[in-house]
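Heads up: the structure comes next, in structure tokens.
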Amino acid sequence: MSTEISGSVPVIVWFRDDLRLADHPALDAAVTSGQPVLCLFVLEEDTERRPLGGASRWWLDKSLASLDRDLNRLGGQLILRRGDPRRILPEVAASVGATALHFNRRYDQAGSDVDDTLTAMLRQRGVAVVSHAAWLLFEPGAIQTKTGGPFRVFTPFWRAHRPHLAPKAQLRRRPETIAFFKTAVASEPLASFDLHPTRPDWSAGLAESWTPGEAGAKARLVAFLDDGLSRYAAERDVPAAGASSRLSPHLRFGEIAVARVAHEVMKAQDSGSTPVEAAEKFLAEVGWREFAWHLLSVFPDLATRNFQTGFERFAWQEDAVALSAWTTGHTGYPIVDAGMRELWQTGSMHNRVRMITASFLVKHLLIHWRLGEQWFWDTLVDADLASNPFGWQWVAGTGADAAPYFRVFNPITQGEKFDPGGGYVRRFVPELAQLPDRLLHRPWEAPPLLRPDPLLYPPPIVDHDEGRKRALAAFAERR
DNA sequence: TAAATATTTAG
DNA sequence: TAAATATTT
């Protein structure tokens, strides 16, 4: 499989959030250069980049192992290093005499700052540095409003971008063979990164729910195209229906290219196997990811500062007890608690339920969206630098194209509407499993004999009607 | 990607 | 008088 080119100088492919071999522009460019390829990953430390959360660290561990195995099969390996890339990359490049570096671009401020500095350093030393577009369907800022500014509302953003999407865009096939650089290069053992949780190891539920790595990503896309996409328009909002793509963590770590996902969905639509409405609904969800990254590129502080001005002095409540009831899934609202427990157990949460649980924290409890964002950041396997803060600000009403302040999700009616059969709540809140459907989302109304023991399942920590009125008053006041 | 409430309409 | 529709928050 592998071809040695002895005496040749290598090119480096720096893997980051693109842990795959297929549809990988940087790898493709390196392979087609004809020079031997050195594949490198750097666990970034000592930079300004936001440290990964626990669930993301677990996923990264498995994904790196998977990529290394895939490279092994082609006769190569993934060189692992840790530290500041601005120190590591020049060191590795010098030690092997690399003449070129290829990587796929990233769009967060801290990451692109690192890349810019590094690019200048290496070019000064005669190393060609080439960055490639792979993370998004559209480069941020490439399409602007008619007045030449950045889009701030999703609908016009997507209306301007969607027509430019076409099958086959941006795709490179997986290389059949790779000529690897064969000289030994120092690599640290993956285990030394200490990415897998210990004492305690809480990852069993994640392992049951997910298969990190490129093969797992591909299998997930195939499964979604086979069962999910065609009923996506009707059932994507029903957490028990299983119509979600579940591709988000695979996209987060770049185990599959977003261009490949969009391509296959458009192909399914063209072939007539998928209703146009279903395909468009799904593509629009990918569009929200695009929009979030577009927004982060014009507002780098998305994770820390309110996008909408006027919230600086908002009277967020400090309530450690309520926050803890929320994180552990003991608010007394079944749909909220099911969501928070799904997150804790599986490292993910259905999109509809993310909105409900986020709304509950921000509106009913008046707790700062940033605390919720941080909890999600730590517990989600798909925690994304742009999508996560974007979503939180959207719900809180502080973001771009945000939900209006008076939009307060009703956890009772949302539960009844989107989990009418109770399959979702019964799965994650088993202490309510015996309640009939009509009481499942309002257990406090059950007759005493049926009502759950308050020690086993608590009554609501805040009355919905009171919480709603309090939120409306607080949010109306800041206007 | 909302909910609550007021108002109108159908029967 | 329930259901559909409009308005307000």
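Remember, predicted model here, so these are calculated numbers, not experimental data. Sequence lines set the chain letters: A, B, ... in the order given, protein chains first and strands last, and positions in each chain run from 1.
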Interatomic distance, [X] [atom1] vs [N] [atom2] [rounded to whole Å]:
| X | N | atom1 | atom2 | answer |
| --- | --- | --- | --- | --- |
| F157(A) | dT1(B) | CZ | P | 18 Å |
| Y405(A) | dT9(C) | OH | P | 8 Å |
| F390(A) | dT1(B) | CZ | C1' | 11 Å |
| K469(A) | dA4(B) | NZ | C1' | 9 Å |
| R407(A) | dA2(B) | CZ | C1' | 6 Å |
| M355(A) | dA3(B) | CE | C1' | 15 Å |
| W394(A) | dT1(B) | CH2 | P | 9 Å |
| D465(A) | dA4(B) | CG | P | 7 Å |

Is the closest side-chain heavy-atom distance between L432(A) and V429(A) below 4.5 Å?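 When only atoms from C-beta onward are counted, V429(A) and L432(A) do touch, with a gap below 4.5 Å.
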Got F291(A) and T155(A) here, is their nearest side-chain heavy-atom distance under 4.5 Å? no
Check this one for me: any side-chain N or O of H464(A) less than 4.0 Å away from OP1 or OP2 of dA2(B)?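 No, outside the criterion.
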Is it the case that S63(A) and E255(A) place a side-chain donor and acceptor less than 3.5 Å from each other?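 Indeed, the side chains of S63(A) and E255(A) share at least one donor-acceptor pair under 3.5 Å.
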side-chain hydrogen bond (donor to acceptor under 3.5 Å, both in side chains) between H368(A) and R370(A), intermediate numbers included: CA-CA 5 Å; H368(A) 201 301; R370(A) 229 180 309 126; 3.3 Å; yes
Check: F15(A) ring centre within less than 6.0 Å of F41(A) ring centre: no
What about F157(A) and H294(A), are their ring centers closer than 6.0 Å?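 Close enough - the centres of the two rings lie under 6.0 Å apart.
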Ion pair check, R173(A) and D23(A), cut-off under 4.0 Å: no
Between R260(A) and E264(A), is there a side-chain N and carboxylate O pair less than 4.0 Å apart? yes
Would you mind pulling out the nucleotide paired to dA2(B), Watson-Crick or G-U wobble, both distances under 3.5 Å? dT9(C)
Residue that, paired with N410(A), satisfies side chain to side chain donor-acceptor pair (under 3.5 Å) out of K417(A), H364(A), H464(A), R468(A): H464(A)
Among residues 274-289 of chain A, which contact DNA chain B at a heavy-atom distance under 4.0 Å?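 Of all residues in residues 274-289 of chain A, the ones placing a heavy atom under 4.0 Å from DNA chain B are E285(A), W288(A).
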Can you list, by residue number, the residues of residues 408-429 of chain A that have a non-hydrogen atom closer than 4.0 angstrom to DNA chain B?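 Only V408(A), F409(A), N410(A), T413(A), Q414(A) qualify.
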